[in-house]
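Structure record follows, encoded as structure tokens.
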Amino acid sequence: MLRKVVFLDRDGTINKDSPNYIKNWEEFKFLPRSLNAIKQLTLNGFTTIVITNQSAVARMLISLQELEQIHTMMRKMIQSNGGKIKDVFYCPHMPDDDCDCRKPQPGLIHQAQKKYHIDLSAAIMVGDSDRDIVCARNAGCGGAVMVKTGNSRKAQRRLAEKGSAPDFVAVDLYDASNWIINTHA
Ligand SMILES: [Mg+2]
């Protein structure tokens with residue numbers, strides 16, 4: 001059973017999000033301090049797994065091969081900074097495809113749980129969208145943290161309308177990693 005797992009959203013959490021989607025490595029820009037956040041989580045014994053919606057694939061803006069290429073480069077950069085991403089799970093579908101893997105559906109987290117026998121009650125999801133927080137709740141994660149590096153204002157309002165809220169709102173992924181390390185060590 002794998003404990004101390006942190007699920008990370010990608011766009012708006014690790015790297016700068018774009019309304020035009022991230023279509024190649026040139027467009028992928030790490031947010032300030034996100035590399036050090038992942039390093040800090042890794043050094044403190046947390047396993048980090050990326051959980052990301054990538055409808056750009058279904059929209060034919062990027063091929064699966066190109067998406068995998070971005071993830072290979074991302075993991076290489078993270079590793080050369082002392083961090084480690086154990087795996088990347090992505091949903092390639094459109095919002096109206098009715099799949100079970102596009103967040104807020106819990107499918108991706110359940111795929112990860114099956115592959116690595118994760119204790120979800122001890123796992124935490126970090127993301128910038130209300131979809132990330134709802135996904136964490138739907139999947140049965142022990143915690144959900146929102147970062148303000150994406151669309152957090154809108155996301156918090158949408159959550160409040162559903163009577164939901166994150167366990168912690170962090171300035172960025174580094175702030176989130178501090179909170180996780182201090183409360184889940
Ligand atoms: Mg995001």
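For this chain, numbers begin at 1 and follow the sequence in order. It should be emphasised that the depicted structure is a prediction, and the values quoted were computed from it without experimental measurement. All ligand and atom numbering here is 1-based and tracks the order in the structure.
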I'd like to know if the Mg ion (ligand 1) has an N/O/S atom from D11 within less than 2.8 Å of it, counting both backbone and side-chain atoms. yes
Pair N15, E27: side-chain N/O donor-acceptor within cut-off below 3.5 Å: no
With the Mg ion (ligand 1) as the reference point, give the N/O/S atom of D9 that is nearest. OD2
Indicate the ring-plane relationship of F28 and W25, choosing parallel, tilted or perpendicular according to the 30° and 60° boundaries. parallel
Backbone N/O of G12 and side chain of T149: donor-acceptor pair under 3.5 Å: yes
Which N/O/S atom belongs to D128 and is the closest one to the Mg ion (ligand 1)? OD1
Is there a donor in the side chain of S63 and an acceptor in the side chain of Q65, or the other way round, less than 3.5 Å apart? no
Taking N, O or S atoms only and a limit of 2.8 Å, check whether D132 reaches the Mg ion (ligand 1). no
